[in-house]
Amino acid sequence: MNDQALREPTLLILTAIADAPRHGYAIAQEVEKISEGRTKMRTGTLYGALERLLEQELIAVHEEEVVDGRRRRSYALAPRGRETLAAEAARLARTAQEATRRLGLGGAGASFGGALRAAVAPVRRLATGGAVMDA
């Protein structure tokens, strides 16, 4: 696994398929939804990224079929992709927590910390195959 932060498109694609396999168009829709409309992936960009993620063994082809004479693949997180996404989610959570602390939000920071722990818990379970890790 790489210690560098994931680029946003990679983070968004991995997040889009974290809960269920999806085909390209559904991934593009999920990326737009997750990013709250900030990121719209063009077809060429998306499929280029999917090929790169396949080569890096972060994703795998879940299913392949031919529909109206065209190949249609659905993609799922590979074990390495699940580990990578979980590590990145934890890194982002730590960074957000530190930013909150440094902003001196006090009471808001405390409630943010609780909300952050609650948000990160499913990611920890995902990374550990259901086991809960201490913070």
Side-chain angles (χ1 to χ4, degrees):
M1 187 165 49
N2 191 337
D3 286 340
Q4 291 185 329
L6 293 178
R7 294 182 309 180
E8 187 173 24
T10 299
L11 173 64
L12 291 169
I13 291 169
L14 294 180
T15 302
I17 61 173
D19 60 344
R22 290 186 167 79
H23 58 81
Y25 180 72
I27 293 171
Q29 288 181 314
E30 285 295 305
V31 163
E32 188 171 345
K33 180 180 172 184
I34 293 164
S35 69
E36 299 177 333
R38 291 184 321 273
T39 303
K40 295 179 183 178
M41 299 200 80
R42 295 175 190 248
T43 304
T45 302
L46 174 63
Y47 285 99
L50 291 172
E51 286 303 315
R52 178 179 49 79
L53 295 171
L54 281 168
E55 289 172 12
Q56 294 173 344
E57 299 179 350
L58 296 175
I59 66 171
V61 174
H62 174 72
E63 192 173 79
E64 192 168 352
E65 62 184 339
V66 177
V67 177
D68 296 329
R70 298 179 72 181
R71 184 177 69 178
R72 180 177 163 146
R73 287 179 166 179
S74 62
Y75 301 89
L77 274 183
R80 185 173 177 195
R82 188 168 296 280
E83 291 170 14
T84 300
L85 180 58
E88 181 69 1
R91 184 192 69 77
L92 290 169
R94 287 189 307 271
T95 301
Q97 187 172 22
E98 182 63 13
T100 300
R101 185 188 70 77
R102 289 181 182 217
L103 286 169
L105 298 179
S111 63
F112 175 80
L116 180 60
R117 281 188 293 284
V120 172
V123 174
R124 286 195 177 125
R125 282 192 297 277
L126 176 71
T128 60
V132 178
M133 296 172 34
D134 292 329

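The basis for the numbers below is simple: all heavy atoms, side chains too, and nothing from hydrogens, waters or symmetry mates. On a predicted model such as this, the values are computed, not experimentally measured, just so you know.
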Query raised in the report: What do the steps show when you test L92 against L11 for side chain to side chain contact (heavy atoms under 4.5 Å, CB included), and what is the final call?
Result: CA-CA 11 Å; L92 290 169; L11 173 64; 3.7 Å; yes
Report task. Keeping to residues at least two apart or across chains, list the side-chain hydrogen bond (donor to acceptor under 3.5 Å, both in side chains) pairs with something in residues 26-37. Result -> Y25-Q29
Report summary line: So salt bridge (Lys or Arg N to Asp or Glu O under 4.0 Å) across residues 46-63, not counting sequence neighbours, yields E51-R73
Query - Heavy-atom pair with the smallest gap, counting every atom of M41 and A28 - result: O-CB, 4.4 Å
Query raised in the report: When you look at E98 and R94, which way does the salt bridge (Lys or Arg N to Asp or Glu O under 4.0 Å) test go after all the steps?
Result: CA-CA 6 Å; E98 182 63 13; R94 287 189 307 271; over 6 Å; no
Query raised in the report: How long is the gap from CD1 on I13 to CZ on R7, to the nearest 0.5 Å?
Result: 9.0 Å
Requested in this report: Check L85, T84, L53 against T10 for a side-chain contact (heavy atoms from CB on, under 4.5 Å) and give me the one that passes.
Outcome: L53
Requested in this report: Mind running side chain to side chain contact (heavy atoms under 4.5 Å, CB included) on V31 and L46 for me, showing each step along the way?
Outcome: CA-CA 10 Å; V31 163; L46 174 63; 5.7 Å; no
Report task. Please say which of L50, L58, I59 ends up in a side-chain contact (heavy atoms from CB on, under 4.5 Å) with I17. Result -> I59
Requested in this report: Starting from the C-alpha separation in whole Å, work towards a yes-or-no answer on salt bridge (Lys or Arg N to Asp or Glu O under 4.0 Å) for E88 and R91.
Outcome: CA-CA 5 Å; E88 181 69 1; R91 184 192 69 77; 2.7 Å; yes
Query - Exceeds 12 heavy-atom contacts within 6.0 angstrom, atom CZ of R38 - result: yes
Query raised in the report: Between R22 and A20, is there a donor-acceptor pair closer than 3.5 Å when you use the side chain of the first and the backbone of the second?
Result: yes
